[in-house]
Amino acid sequence: MRVTTLSPAALLLTLLPLTVAAGQQQQQPLQSQLRPSSSSSQHQQQQYHHQPLDAAATATSTKDSTPPPYRDALLSLHKSLVSIESITGNENGVGRWLVDYLVARGYTAELQFVAPGGGDDGNEKERFNIVAWPPAEEGSDRHEEERGEKLGKRAVVRADPKVVLTSHIDVVPPYIPYSISDEGDAITSRTMIKGRGSVDAKASVAAMITAIDDLLARPSTSSSSTSSSSVRNDVMLLFVVDEEVAGAGMRAFSDSLARMHPPPRPFSAVIFGEPTENKLACGHKGALFCDITARGVAAHSGYPWLGKSANELVVRALARVLDADLGSSDLFGNTTVNVGLLQGGVAGNVIPERALVKIGVRVAVGPQEGGAKHVEEKIRRILDDVDDEAFGFTCSQGYGSVECDCDVPDFDTITVNYGTDVPNLAGNHTRYLYGPGDILVAHGARENLTVGVLEESVEGYKKLILHALDRAQ
């Protein structure tokens, strides 16, 4: 096959899945090239199965007069995702389950392998991003191409996505089992769901898939002129790993686009799923993470003038850093510094020779490229002013404040202080940041959201998809 005959988007699909990092063995795709299967028996033989809710959870509520028709499917999908532990580095299980789920429902899926991230037991494990497209309409060119592949013929899925929906399938530790309060014998919009990832961000994953399914099932309910064929052909799903640590999954996807010749046509819009209280985020602060080391001279604590305290140096420096004006903006407020770790000294009666401090900075100033560097230089000048010889100062690659499009009718707006994968995906696309749940509980022991919040996000994603498709026409 001559790749010069392919559209840029088709070229993208032929290059996925990618191999893992250098020296790693290329992995095999799941379930017969990951095309929709005409048989359900193969799906049933996989390790993870779609988990039906308890009897109480599947009952419709007498208190909710008109629950959405997708309630049971949404809650069942959400339960299955949350029930599979997927702490960063250990995303394999939930990834394999999600691929099987999508393919069984007629989606086309591809894997993009990402270098292993360890896993909670210290073993390196295969992990991958999932790239998926909604079921093709029967009789369409794409449907016939997929049908040809199932018959053993080589075919190319000529998807040409204009809008991408993306979220992450990894979660922070520790694992917290799924639970749902049944309020007696019925699920209502006030029923609470708990568990690690119930908010961040498996709620977004479940709601995005449900939103697409509902748009395809009930296109006539929308006031938008966008047709169901546009949803089928112009929307792509991307679920990535490693968002909670280093963004390796999204960076791998972004880098794969940059390596293509010719480059694929830019996406028109990307909708990122994160907990924003079902409000449309106008952006989020940037981030910068740094190590400060101090070198002193050890001595007896009774004779401090004979030594030089590394701990005292960092205390004086940190006080000035915390009091300094590191930049602010009307949209994001003040740049803030968290002193996350302090280490130094060996005993109370010894002048400490070495000290280490790890800080996390939430950057309120832009631009996205360069804003963090501006803050880094301010901190460096403070350290040099305290002692121009004693300090070492190294920072990870940071970024300035990130702006997103929030000018969409019928959405409340918000700004957030946490980091996302938004800056990890290069390109000149419109960026939307939206999702169910509250970040204030997302990483805690009480991570939770209500059924009503989850269902509201499905409607929000539907509106965003249609809005983005209308703008892309």
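Residue numbers start at 1 and run along the sequence shown.
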Expected list for residues 196-203: side-chain donor-acceptor pairs under 3.5 angstrom, two or more places apart:
| unit_1 | atom_1 | unit_2 | atom_2 | d |
| --- | --- | --- | --- | --- |
| Arg196 | NE | Val172 | O | 3.1 |
| Arg196 | NE | Pro174 | O | 3.1 |
| Arg196 | NH1 | Ala442 | O | 3.4 |
| Arg196 | NH1 | Gly444 | O | 3.0 |
| Arg196 | NH1 | Glu447 | OE1 | 2.6 |
| Arg196 | NH2 | Gly444 | O | 3.4 |
| Ser198 | OG | Gly195 | O | 2.7 |
| Ser198 | OG | Glu447 | O | 3.4 |
| Asp200 | OD1 | His168 | NE2 | 3.1 |
| Asp200 | OD2 | His443 | NE2 | 3.0 |
| Lys202 | NZ | Leu81 | O | 2.8 |
| Lys202 | NZ | Ile84 | O | 2.9 |
| Lys202 | NZ | Ser86 | OG | 2.8 |

Just by distance, do the side chain of Asp214 and the backbone of Thr210 share a donor-acceptor pair under 3.5 Å? no
Apply side chain to side chain contact (heavy atoms under 4.5 Å, CB included) to Val451 and Thr188, showing your working. CA-CA 7 Å; Val451 169; Thr188 76; over 6 Å; no
Any donor-acceptor N/O pair, Lys162 side chain to Ala468 backbone, under 3.5 Å: no
So, Arg71 side chain and Ile187 main chain: donor-acceptor pair closer than 3.5 Å or not? yes
Take atom NZ of Lys194 as the centre, draw a 6.0 Å sphere, and report whether it contains more than 12 heavy atoms from other residues, nucleotides or ligands. no
Where do Gly360 and Phe289 come nearest, in terms of heavy atoms and distance? CA-CD2, 3.6 Å
For Thr413, side chain to side chain donor-acceptor pair (under 3.5 Å) partners two or more places apart: none
Value rounded to 0.5 Å, distance of CG in Leu433 from CD1 in Ile271: 11.0 Å
Can you find a pair of side-chain heavy atoms, one from Leu165 and one from Leu464, that are under 4.5 Å apart? no
Short side-chain to backbone donor-acceptor contact, Ser254 and Arg251, under 3.5 Å: no
Tightest non-hydrogen contact, residues Tyr175 and Val82, listed as CE1-O, 3.9 Å
Would Asp234 and Ser230 satisfy side chain to side chain donor-acceptor pair (under 3.5 Å), going step by step from the backbone distance to the final call? CA-CA 5 Å; Asp234 298 332; Ser230 181; 2.9 Å; yes
Side-chain heavy atoms of Tyr461 within contact of Pro436, under 4.5 Å: yes
Taking atom NZ of Lys463 and atom CG of Leu215, what is their separation to the nearest 0.5 Å? 12.5 Å
If only atom types and distance count, is the side chain of Arg190 paired as donor or acceptor with the main-chain N or O of Thr450 below 3.5 Å? no
Answer yes or no: is there a side-chain heavy-atom contact under 4.5 Å between Ile212 and Val231? yes
Hey, mind stepping through Leu74 and Leu454 against side chain to side chain contact (heavy atoms under 4.5 Å, CB included) and telling me if it holds? CA-CA 8 Å; Leu74 171 64; Leu454 186 59; 3.8 Å; yes
Checking Leu257, Leu238, Val163 against Phe267 for side chain to side chain contact (heavy atoms under 4.5 Å, CB included), the one that qualifies is Leu257
In terms of heavy-atom contacts, Gly398 and Ala372 come closest through C-CB, 3.6 Å
Checking Asn278 against Tyr434 for the side chain to side chain contact (heavy atoms under 4.5 Å, CB included) test, could you report, in this order, the C-alpha distance in whole Å, the side-chain angles of both residues, the deciding distance, and whether it holds? CA-CA 6 Å; Asn278 284 336; Tyr434 172 87; 3.3 Å; yes
Return the set of residues passing side chain to side chain donor-acceptor pair (under 3.5 Å) with Asp242 (not counting sequence neighbours), or none when no residue passes. Arg127
Glu403 CD: over 12 foreign heavy atoms closer than 6.0 Å: no
With heavy-atom distances below 4.5 Å as the criterion, would you say the side chains of Val114 and Val240 are in contact? no
Would you confirm whether Ser457, through its side chain, and Gly435, through its main-chain N or O, come within 3.5 Å as a donor-acceptor pair? no
My understanding is that only one of Glu91, Gln112, Glu110 makes a side chain to side chain donor-acceptor pair (under 3.5 Å) with Asn129; could you say which? Gln112
Can you find a heavy atom in the side chain of Pro68 that is under 4.5 Å from one in the side chain of Val458? no
Derivation and outcome, side chain to side chain contact (heavy atoms under 4.5 Å, CB included), residues Tyr107 and Asp213: CA-CA 10 Å; Tyr107 284 73; Asp213 285 347; 2.6 Å; yes
Given side chains that start at C-beta, do those of Val205 and Leu98 come closer than 4.5 Å, heavy atoms only? yes
Evaluation steps, side chain to side chain donor-acceptor pair (under 3.5 Å), between Tyr178 and Ser80: CA-CA 9 Å; Tyr178 175 95; Ser80 294; over 6 Å; no
Return yes if some donor-acceptor pair links the side-chain N/O of His284 with the main-chain N/O of Val416 below 3.5 Å, else return no. no
Is a side-chain N or O of Glu126 found less than 3.5 angstrom from the main chain of Phe128, in a donor-acceptor match? no
State, with a plain yes or no, whether a side-chain heavy atom of Ile209 is found less than 4.5 Å away from one of Phe239. yes
Nearest heavy-atom neighbours spanning Leu449 and His78: CD2-CE1, 4.1 Å
When rounded to the nearest 0.5 Å, the distance separating OG of Ser167 from CE of Met250 is 8.5 Å
So Glu456 and Glu459, do their side chains get closer than 4.5 Å, heavy atoms only? no
Is Asn334 reaching over with its side chain to a backbone N or O of Thr336, donor-acceptor style, under 3.5 angstrom? no
Residues Val422 and Cys404: closest non-hydrogen pair is CG1-SG, 4.2 Å
Interatomic distance, CG@Asn424 vs CD@Glu243, rounded to 0.5 Å, equals 8.0 Å
Return the CZ to CG distance between Phe332 and Asn417, rounded to the nearest 0.5 Å. 9.0 Å
For Gly419 and Arg362, the nearest pair of non-hydrogen atoms, with its separation, is N-NH1, 3.6 Å
Ser268 side, atom OG; Leu469 side, atom CG - distance, nearest 0.5 Å: 8.5 Å
